[in-house]
Amino acid sequence: MSEPDKYLPEAIETKWCERWAAERTNEPDLDRAERPFYNLMMFPYPSAEGLHVGNLFAFTGADVYGRFKRMQGYQVFEPIGFDAFGIHSENFAIKVGVHPAELIPRNIANFTRQLTRMGGMFSWRNVLSTTEPSYYKWTQWVFLQLYKQGLAYKKHGAVNWCPSCKTVLSNEQVIAGACERCGTVVEQRALEQWYFRITDYAERLLANLDDPTKMDWSDTTVMAQKNWLGRSHGAEITFRASDAASSGITVYTTRPDTLFGATFLVLAPEHPLVDALTTGAHRAAVEAYRAQAAAQDVVTRKVGDKEKTGVFTGSTALNPATGGQVQVWIADYVLMDYGTGAIMAVPGHDERDFAFATKFGLPIVRVIAGPGEDAGTPLDAAHTGIDGGGRMVNSREFDGRTPMDTKAAITSWLTSRGTGKETVQYRLYDWCISRQRYWGPPIPIIYCDDCGPVPVPEADLPVVLPAIDDFRPDDSGVSPLARHAEWYFVPCPTCGKQGRRETDVSDTFLDSAWYFLRYPSSELTDRPFDLARTKKWLPVASYIGGNEHAVLHLLYSRFITMVLHDAGMLDFEEPFRKFRAHGLIVKDGAKMSKSRGNVVVPDQYIDKWGADTFRTYLMFLGPFQEGGDFRDAGISGPRRFLDKVWELVIQARHPDSFDAEIRREVLVKWHQVKQRVAEEIEHLRYNTAIAALMELVNVLRDQNCAERTLVTELVQMTAPFAPHFAEECWERLGHKRTIFDSTWPSFDPALTIEDTITVAVQVNGKTRGSVVVPRDSTEAVVRTAAEADPAVAKYLAGEIKKVIWVPGRMLSFVVVS
RNA sequence: GCUCGGGUGGCGAAAUGGUAGACGCAGGGGACUUAAAAUCCCCAGGGGGCAACCCCGUCCCGGUUCGAGUCCGGGCCCGAGUACCA
């Protein structure tokens, strides 16, 4: 028996998924759209487990926004794709013994099913996967553009190496210095790696973050990027070596003010001057220390809070301020890839230097004295911080000045003497993009004995990743691709002699650093992105994603966009006009992951409650930008809400006379809710938007008011959250075209104002009552009413010293008894 | 350690410096039912009082204000990011 008036989520959702697909409802005309709105969300990595609740939360939140924008009259392009290359897929494939080329399509099919089922407004015509040759052809092309501009280069870089698995490991695969798979202690190996010169762009990447005409981003994300770029302001200072034969040692410091307290120098073990500085008696110890530092894995070397180690080189240098001799040491706490790879150690005012000096018995000099201290007060710990109210001591003519002043003064003093200069440093380092792995786009370079490295001509792209069965990494230190002679040997594009292909593949982050450029042009095979379409749709109007990508993905995308902009291919240099980070959905206080065994799969909930209820529930849980712990406890609430809306739709009727039938109170509530819901959705405060809709529904039911216009607009406002449901209601209300091409309900500001207002009355700051008065009542009217209220009057016994009137809200008496 | 969030009923959460707890879940009481489910109505921060009402209450301590969950200073706890960056 069928019940046509019953809300049956499953049937409705299936019906509308099919209809949207058949009628291409979600595919905007990319060439002719007049009010384009590019609504982007971070494309997923298609794992074998499928979408989890956290993914669904993120996608739903972005989808709600896209649907809302569409109803505001924009042509919304909401594409989706799959970030399917990379070490995750490869490792999983190795583990289960199935080739990634077989595994990934299977996972993508499952993801596609889930994404369709959740009711995302995805333009499936433009779907892409980074593993398709038609996509990575252009990833390789992007590499070549950087290469052409001299922004891609090769140098030796340290990688983690597992001597047991005989393979390169990513930093995430090294747990406490050991291989995550076999537990063997990981070593450092120097391999030739490809790098992108992102450091050239550090300044622009930083400056644009503060330019509201280019970027409107979540504060948390901006902050994370700034920290990552790590701009610091200081000076390079050259210490002359005591031995006239050797040249000076240049250090970088952010604290030139403490120069008088610099009692020794420390060089990174890899520093090129170490050889020249090492004297005979110390050579053996220095060599041993350097060897030991070189053997450490990349992760442990950089992890802080370690016992300090180091050795003396035997040389000394001259402190340019004091003229005194200072010893030159090497230690692994100084990193070659930051600053100049050498520091002046100021143990009195730097914790690390203090620990080092204490351990090795080096002198500690105080140069800043805080309140109640003087030049002779002993230091039992480093006194860091430049603006703690301290004054300079033991610093000759600078004594008595503030460290802040002194920093500038010493810098210019050094500059005038030619022994130093003001500099700016960034913590950012160049992006290592090569991977000695299989599952990625081959880097399009051919090595020729005569011509050197030659880029693959763009006409020859893509360099197809060959389908090989033995894709496991081996102990050679090079990619498995090197074992395939038929692929490896290739004629040199320049001279035609036999050359060899680059066997490294590129980093997954390169795949995702430009995908948003590809979406609008994804069906075009002869260009990476069409100029006209790019001009129409980009930069991205709204990008929503997780803050775990606040740094790498978002920074790399900005960098690639800037490079293409500089090459004259894009007319914007920031790809994402607006970025909002959604919150993280955790389970039992921890991020969902298979290893923790706390992954919540959405399918069971959709089976039981329907996608619309589940979407609404996820958005109602709490603030979208905060996330939270997933529980399914309250899911019946949103379902009951949809049931109530459904009932109103079934009962919807035409009034004889609109104003006569609907009481003023309902009308005001209705307009208030329309105003509020639009505002809340615009700011991604979905939980309160839904709460407002629930209030409206409750009022309509209490007043037994199923007026047709009103119910229709209510349905429209639920549409972003419960799209299938809303379509069905919309159709039942007699509409033919999709609800998402209808216009978002507008409100009348005049009708959001109530006839009467409730004014709180306080006496000496404590609320003692309230009065209900006409909307525009003056202070005098309210005061008279308040004084007549016995609940208030009894507190007004003394002298009324003052009355504070907050129009329309509150009246406060200040009484002295 | 540093940077950024956050601490409000039994629970998820609301609250331009102006009646704290909207909305929802769970709970209690009632209606309908042979019964249950579903649905509907009512109650619901804690304490006191027959009641009208009163007192206390947003992590802790202090401050600004007629008035502080909200602003300022100090502290505690939780979460995220980052990590020897000189």
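Predicted model only: the values in this text are computed from it and were never measured.
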Distances for protein N/O vs nucleotides 2-9 of chain B N/O pairs under 3.5 angstrom?
{"from": "B:U3", "atom 1": "O2'", "to": "A:Asn227", "atom 2": "ND2", "distance (Å)": "3.2"}

For residues 760-772 of chain A, dump all side-chain donor-acceptor pairs below 3.5 Å to protein atoms at least two apart in sequence or in another chain.
{"from": "A:Asn764", "atom 1": "OD1", "to": "A:Val815", "atom 2": "N", "distance (Å)": "2.8"}
{"from": "A:Asn764", "atom 1": "ND2", "to": "A:Val815", "atom 2": "O", "distance (Å)": "3.2"}
{"from": "A:Arg768", "atom 1": "NH1", "to": "A:Tyr795", "atom 2": "OH", "distance (Å)": "3.2"}

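- Partners of A:Val326 by side-chain contact (heavy atoms from CB on, under 4.5 Å), not counting sequence neighbours, listed by chain and number: A:Phe239, A:Leu265, A:Ala317, A:Asn319.
- For A:Asp789, there are no salt bridge (Lys or Arg N to Asp or Glu O under 4.0 Å) partners, not counting sequence neighbours.
- Among pairs with a residue in residues 255-269 of chain A, those fulfilling salt bridge (charged side-chain N to carboxylate O under 4.0 Å, His left out) read A:Arg255-A:Asp257, at least two apart in sequence or across chains.
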Treating primed atoms plus P, OP1 and OP2 as sugar-phosphate and everything else as base, which nucleotides of nucleotides 52-59 of chain B get B, S or - for protein heavy atoms under 4.0 Å?
-SSSS---
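- By the salt bridge (Lys or Arg N to Asp or Glu O under 4.0 Å) test, A:Asp353 pairs with no residue at all, sequence neighbours left out.
- Every residue meeting the ring pair (Phe, Tyr, Trp, His ring centres under 6.0 Å) condition with A:Trp217, not counting sequence neighbours, appears here in chain and number order: A:Phe579.
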Heteroatom pairs (N/O) under 3.5 angstrom, protein to nucleotides 18-20 of chain B:
{"from": "B:G18", "atom 1": "N2", "to": "A:Gln762", "atom 2": "OE1", "distance (Å)": "2.7"}

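- Listed by chain and number, the residues in a salt bridge (Lys or Arg N to Asp or Glu O under 4.0 Å) with A:Lys801 amount to none (sequence neighbours excluded).
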Polar pairs (N or O, both sides) under 3.5 Å between protein and nucleotides 38-47 of chain B?
{"from": "B:C40", "atom 1": "OP1", "to": "A:Arg701", "atom 2": "NH2", "distance (Å)": "2.6"}

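- Non-hydrogen atoms lying under 4.0 Å from RNA chain B are contributed by A:Thr688, A:Ala691, A:Met694, A:Glu695, A:Asn698, all within residues 688-700 of chain A.
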